[in-house]
Amino acid sequence: MAHTHHHPDSLPVADTPTQIDPVCGMTVPADNPRSAEFDGKNYMFCSDGCLTKFKSDPAGVLAKRAQKEADKGTSCCGGGAAVHQIGEQPPASSCCGGHSSSSANDTPADPTAIYTCPMHPEIEQVGPGDCPICGMDLEPKFVDMADHGDDDQYADMKRRFWVGVALSVPLLVIAMGPMVGLRVADWMNNSVFGWLQLALATPVVFWCGWPLLVRGAKSFRSWNLNMFSLIAVGTLAAYLFSLVVVLLPGVIPEAFYENGVAPLYFEAAAVIITLVLLGQVLELRARQQTGGAIRELMQLAPETATRISDEGEEEVSLDAVHKGDRLRVRPGEKVPVDGKVLSGSSSVDESMLTGEPIPVQKVEGDEVTGGTLNQTGALVMEAIGVGGDTVLNRIVQMVADAQRSRAPIQKLVDVVARYFVPAVIVCSIAAFIGWAVFGPEPQLAHAFVAAVAVLIIACPCALGLATPMSVMVGVGRGAKEGVLIKNAEVLEVMEKVDTIVVDKTGTLTQGRPEVTAVETFGDWNESDVLTLAAAVEAQSEHPLAQAVVRRAKADGLQTVEATDFDSITGGGVRARVYDHDVLIGKADMLDEQGVANVDDGRSKAGSHQSEGATVVFVSIDNQLAAIMAITDPIKESTPAALKTLHELGLKVIMLTGDAEPTARAVAGKLGIDEFHAGVSPEAKHDFVRKLKNNGKTVAMCGDGINDAPALAESNVGIAMGTGTGVAIESAGVTLVGGDLRGVAAAGNLSRKTMSNIRQNLFFAFIYNALGVPVAAGLLYPIFGVLLSPMIAAAAMSLSSVSVIANALRLRAAKLT
């Protein structure tokens, strides 16, 4: 069932009460099952580890938390994992460098902005920081139209990486040179040799790798173990062992010695950090690329607008435009915000919204949308939707929300990851013990290398990236095709859809009916009937009513006023025009109202209905005066779209409120599998529910308020972007262009994205399943191969790169 889309200006997290975990500072829902009572107050916890720690010394934990807050005054994301509740005073001071994005950000972030984790969207806080679960940098939850993405964070990580490369390469040459005949140590003694390696490795580990180490430390403090836990343990173990060798060589057991000398692993620690940074740089770059769709959408809006005031005209930034402002839009300029035309006329290119290349004529009273292109004339408009209220901004936010959302398949990954890191640590300890007891000389040296290699190669970064990367790229790809996915769950469910239910008007057809024939009875002529009927229908918003009004205008007929207008239950309207009682509606309704000669109209209506026309009956003074055949032309793209849906193996069912002959004609012409006519909004909803109860996975496609209940009831609701806001809010997929081809694109997108996710998960799982045993030394008895920690780090980074590269393939996927 589709979820209600939150408006970008709202704060959804405020709807759910939250508390701060007193142990780690993480924000947790108030209905969290992990809780404990102390001194008459109930406390909530993010994990079993925090709960256990609190129960062991509640008074001490609370005192320590209070002291931290008192010492800091404000929270520092580098020191603790403090995550603030919505509504708390945000930190006033700058961060101490605990996460990489802030250390490089010359322009302070909005201190009141809500930040969230791209892998764990349930993590939210005021201001930047890093995720207490996976350690990733948080990113803004709501898209700023002036946002430049992850540029600062990317630049900082890239700078750390290149410094790491500059120091690690000479370190690698010094340490590994003897393997290729380059004996740097021949012209220096072992002490100088060790101190030189220490000097090169220390900046790499403790400056370049500082964000990684901080995340690792936080993971142990909150007991949310992740890839950074393994990186921190592995690199620090290698570095600290080597540090002891340099400073206190006498304490190292001879079982560690190689060729009579205690080994150094500075180069392993430095190269591991540098390779992990390379993975982070590639990941951030890929995340920037996945945001390409959002940036393209943002660029549709102009940067400035021309505001008209009593003092004259002035050019102002878009942020300075307020609701009610009068704006001038010259030919060739983009419409700055959503609004209404006050004066002037022009043709406006709305292809960025509708996909239709033909410009739309705009005159006084018409609505215009921000980002569309004014072509021929000058317009003066009133700003109605500004900032987050514009259609363009809502589309941007919908795409951003969807890219951060989680597919249900991610739950499997979370369960695996929860147990994976502790299991790897156990494997590492087991590998150390096994090599120390049964390995060849030097036993402890081999044991140490195997243990560190296991920790490094098992880093589950590829596992964590597998689903979010595919979702981000897939949603962005859909947005470029005008297919807006509300969240990742929709993508997963859409793949399983086997039945498509479509409305006729506005979905299969253009939604702009035309009066194609008028047949009169008695002494009435066509012009008089149209004049009276148009006067009545002018007071109705129904598409068929508007078709009558348009026909009267097209024929140049006089506009007259109707009085005593009344809408009749059962499908009709009544009013008085020129002292005539005019009644318009279905034949059965006219029968119920006692109108004479209705059967005469029925006999002639059949031929029109067989051609797919809707027939409206007009009674004047209780006598049938005319029937009007109204046809809603089928969209040119509909036949091809239906063909694609059938090729995907989907059954297409049409539900319409039209009469049975009209529905049958349209269904026959388009080759629709099943149709139902005369269906009310309630019946549409019930029909969708019945299909679901029969085991079908249903996608409902519609564009009107009457479709909203069925859209909400379906497994996946698909709304035409040209339809009503209610329909769009009820749907999980919005087709910006209002084109049925988008349904086929959504079907293809879901299948390709879910296939991509499964490929990524396979890469990640198979990599870890094979990598850990190899690192532990499984191949040593057979081939004499023991994996170096550096090779393990390179393989770990390569697994992440393979997942990222596979996800990016979706950018070129063909959807229609």
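Between Pro211 and Met157, some side-chain heavy-atom pair lies under the 4.5 Å cut-off. Counting heavy atoms from C-beta outward, Val502 and Leu642 have side chains that stay 4.5 Å or more apart. Between Asp498 and Lys651, every side-chain heavy-atom pair lies at or beyond the 4.5 Å cut-off.
A pairwise comparison of heavy atoms in Leu749 and Gly474 identifies CD1-O, 3.3 Å as the closest pair. Here the closest non-hydrogen pair linking Thr390 and Gly385 is CG2-O, 3.1 Å. Minimum interatomic distance between Ala807 and Asn756 (heavy atoms only, all atoms of both residues): CA-OD1, 3.3 Å. Nearest heavy atom pair, residue Val743 against residue Cys701, reads CG2-SG, 3.8 Å. Closest approach of Ser714 to Val688, counting heavy atoms only: CA-CG1, 3.6 Å. For Thr656 against Ala663, the heavy-atom pair with the smallest separation is CG2-CB, 3.6 Å.
Side-chain atoms of Asp338 come within 3.5 Å of backbone N or O of Gly370 as a donor-acceptor pair. Checked by atom type and distance alone, the side chain of Asp673 never pairs as donor or acceptor with a backbone atom of Ile653 at under 3.5 Å. Between the Ser219 side chain and the Gly216 main chain, a donor and an acceptor come within less than 3.5 Å of each other. A donor-acceptor contact shorter than 3.5 Å is absent between the side chain of Arg741 and the backbone of Ser637. A distance-only check finds a donor-acceptor pair linking the side chain of Ser750 to the backbone of Gly747 [under 3.5 Å]. Listed for the Thr499 side chain is no donor-acceptor partner under 3.5 Å among the backbone atoms of Val698.
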Exercise. Under the side-chain contact (heavy atoms from CB on, under 4.5 Å) rule, what do Leu508 and Ile672 come out as? Steps first, then yes or no, please.
Key: CA-CA 11 Å; Leu508 301 175; Ile672 288 174; 3.5 Å; yes
Practice problem: Would you please test Phe687 and Leu655 for side-chain contact (heavy atoms from CB on, under 4.5 Å) and show each step? | Solution: CA-CA 9 Å; Phe687 183 83; Leu655 302 183; 3.7 Å; yes
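Between Lys692 and Glu713 there is a salt bridge, since at least one side-chain N of the basic residue sits less than 4.0 Å from a carboxylate O of the acidic one.
There is a side-chain donor-acceptor pair under 3.5 Å between Asn806 and Arg809.
For Lys496, the side-chain contact (heavy atoms from CB on, under 4.5 Å) partners are Glu492, Thr697, not counting sequence neighbours.
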